[in-house]
Amino acid sequence: MPELPEVETIARALRQGSDIAPPIVGKVFTDAVILWERSLETPSLEEFKARIPGQKVSDVGRRGKFLHIRLNDVSLIIHMRMSGGITVESQEKNIAPHDRLVLNFDDGWRLVFNDTRKFGRVWLVDDPEEIFSKLGPEPLDAVFTPVVLHQRLTAYRRQIKLLLMDQSFLAGMGNIYTDEALHLACIYPLTRSDSIKEKQAQALWRSIRQVLTDGILNNGASIDWVYRGGEFQNYFRVYQKTGEPCPVCKTPVVRIVVGQRGTHLCPTCQPAPGE
DNA sequence: CACGAGACCTGTTCGC
DNA sequence: TGCGAACAGGTCTCGT
């Protein structure tokens, strides 16, 4: 589920606390309980359980869709994939049906990774770059400029939607924000990336930054039973709006499949090249 | 290199 | 009403 804005929202809540839980920065872990072994990517179960006790949280951040929890001398990294979520709760609470990893603190609170579909993964590594080094630029970083985007787009001959969702090309875009950004930029999702003109790249750059920023300002998007608290779903332009009028021109939104992913677009605002 | 299919998983919604 | 198909925020691997 979580794309960049949702992970950013979670990182901020863990760092600063929320109305239902305190910040975790400064807290010390006592132990780890793993309820679904495959959620732990690395290291081994034994090593993980041995290294967690005594580790103190020093900071919480994000890189792409990865949540980065800095500890004393290691990094705890979590990717929530499709259905993962993180909560900070009292140790008095019962374990929920899809809790996969429970990390207890020494003050009665615990950090829980819940993940219905079991796609999410957790790493404990000495150097976070072991994982982050393969990621593309951060879309909200100052080094990511319209010129950089244009240069990178034209270096490949890919369907633009799939390229934007490729985490080694750009870190953090998923199915929702990519559909929204392409609609805002009036670009057809199957357009070949090397055919994008400089002006289109500028519009796309602005659109990417805008949808991500709006997503963050609204605490991310909450759909179905996964992920609570966000409001950005109330501002979707085309995502999951099949048959509803385009907010710009009223043409019904169309759903196609691109790279096995449902893709939503306005056929009038985002005409296929050659029309 | 670029793409499609299949895998990994569970739960909800859709269509007949 | 019931039941199987389709679909869901993601990513990896394999075959062409």
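Remark: Arg121(A) is not in phosphate contact with dT11(C), judged by side-chain N or O atoms under 4.0 Å from OP1 or OP2. Of the side-chain N and O atoms in His98(A), none sit less than 4.0 angstrom from OP1 or OP2 of dC9(B). Between His79(A) and the phosphate of dT11(C), there is a side-chain N or O to OP1/OP2 separation shorter than 4.0 Å. Contact annotation: Arg261(A) reaches the phosphate of dG10(C) (side-chain N/O to OP1 or OP2, under 4.0 Å). For Lys118(A) and dC8(B), the shortest distance from a side-chain N or O to OP1 or OP2 is not below 4.0 Å.
Remark: ring of Phe119(A) does not overlap the six-membered base ring of dT11(C) in a stacked fashion, as centroids less than 5.5 Å apart with planes less than 30° apart are not both met.
Here the P atom of nucleotide dA2(B) and the CD1 atom of Ile160(A) are 13 Å apart, to the nearest Å.
Closest contact between the side chain of Gln240(A) and the listed nucleotides dT11(C), dA2(B), dA8(C) involves dA8(C). Minimum atom distance to the side chain of Lys134(A) is reached by dC12(C), of the listed dC12(C), dA8(C), dG4(B). Closest to the Gln260(A) side chain, of the nucleotides dG4(B), dA5(B), dG10(C), is dA5(B). Ranking dA8(C), dG10(C), dG4(B) by closeness to the Gln159(A) side chain, first place goes to dG4(B). For Arg117(A), the side-chain atoms get nearest to dC9(B) when compared with the rest of dA2(B), dG10(C), dC9(B). The Tyr156(A) side chain lies nearest to dA2(B) when the options are dG6(B), dC7(C), dA2(B).
Rounded to whole Å, the C1' atom of dC8(B) lies 25 Å from the corresponding atom of dC3(C). Separation of the P atoms belonging to dT1(C) and dG11(B) is 24 Å when rounded to the nearest angstrom. dG4(C) and dC9(B) are spaced 23 Å apart, taking the P atom of each and rounding to whole Å.
Between the side chain of Ser83(A) and the backbone N or O of Arg117(A), at least one donor-acceptor pair lies under 3.5 Å. Of the possible polar contacts, one joining the Gln91(A) side chain to the Trp109(A) backbone as a donor-acceptor pair under 3.5 Å is found.
We find that Asp126(A) and Arg51(A) are joined by a salt bridge, their nearest charged nitrogen and carboxylate oxygen being less than 4.0 Å apart. Between Asp179(A) and Arg237(A), none of the side-chain N atoms (NZ, or NE/NH1/NH2) sits under 4.0 Å from a carboxylate O, so this pair counts as no salt bridge.
Here Leu212(A) contributes atom CG and Arg209(A) contributes atom CZ; the two are 9.0 Å apart, rounded to the nearest 0.5 Å.
When heavy atoms are screened at a 4.0 angstrom cut-off, Phe232(A) is found touching no nucleic acid atom at all. Using a 4.0 Å heavy-atom criterion, one finds that Gln167(A) contacts the sugar-phosphate atoms exclusively. Residue Arg192(A) is classed as having no contact, given no heavy-atom separation below 4.0 Å to the nucleic acid. As judged by a 4.0 angstrom heavy-atom cut-off over every strand, Arg38(A) is placed among residues touching the sugar-phosphate backbone only.
Following chains of ILVMFWY side-chain contacts shorter than 4.5 Å, one cannot reach Leu265(A) starting from Phe236(A), and the two form parts of different hydrophobic clusters.
The partner of dT13(B) is dA5(C), judged by Watson-Crick or G-U wobble contacts that both fall below 3.5 Å.
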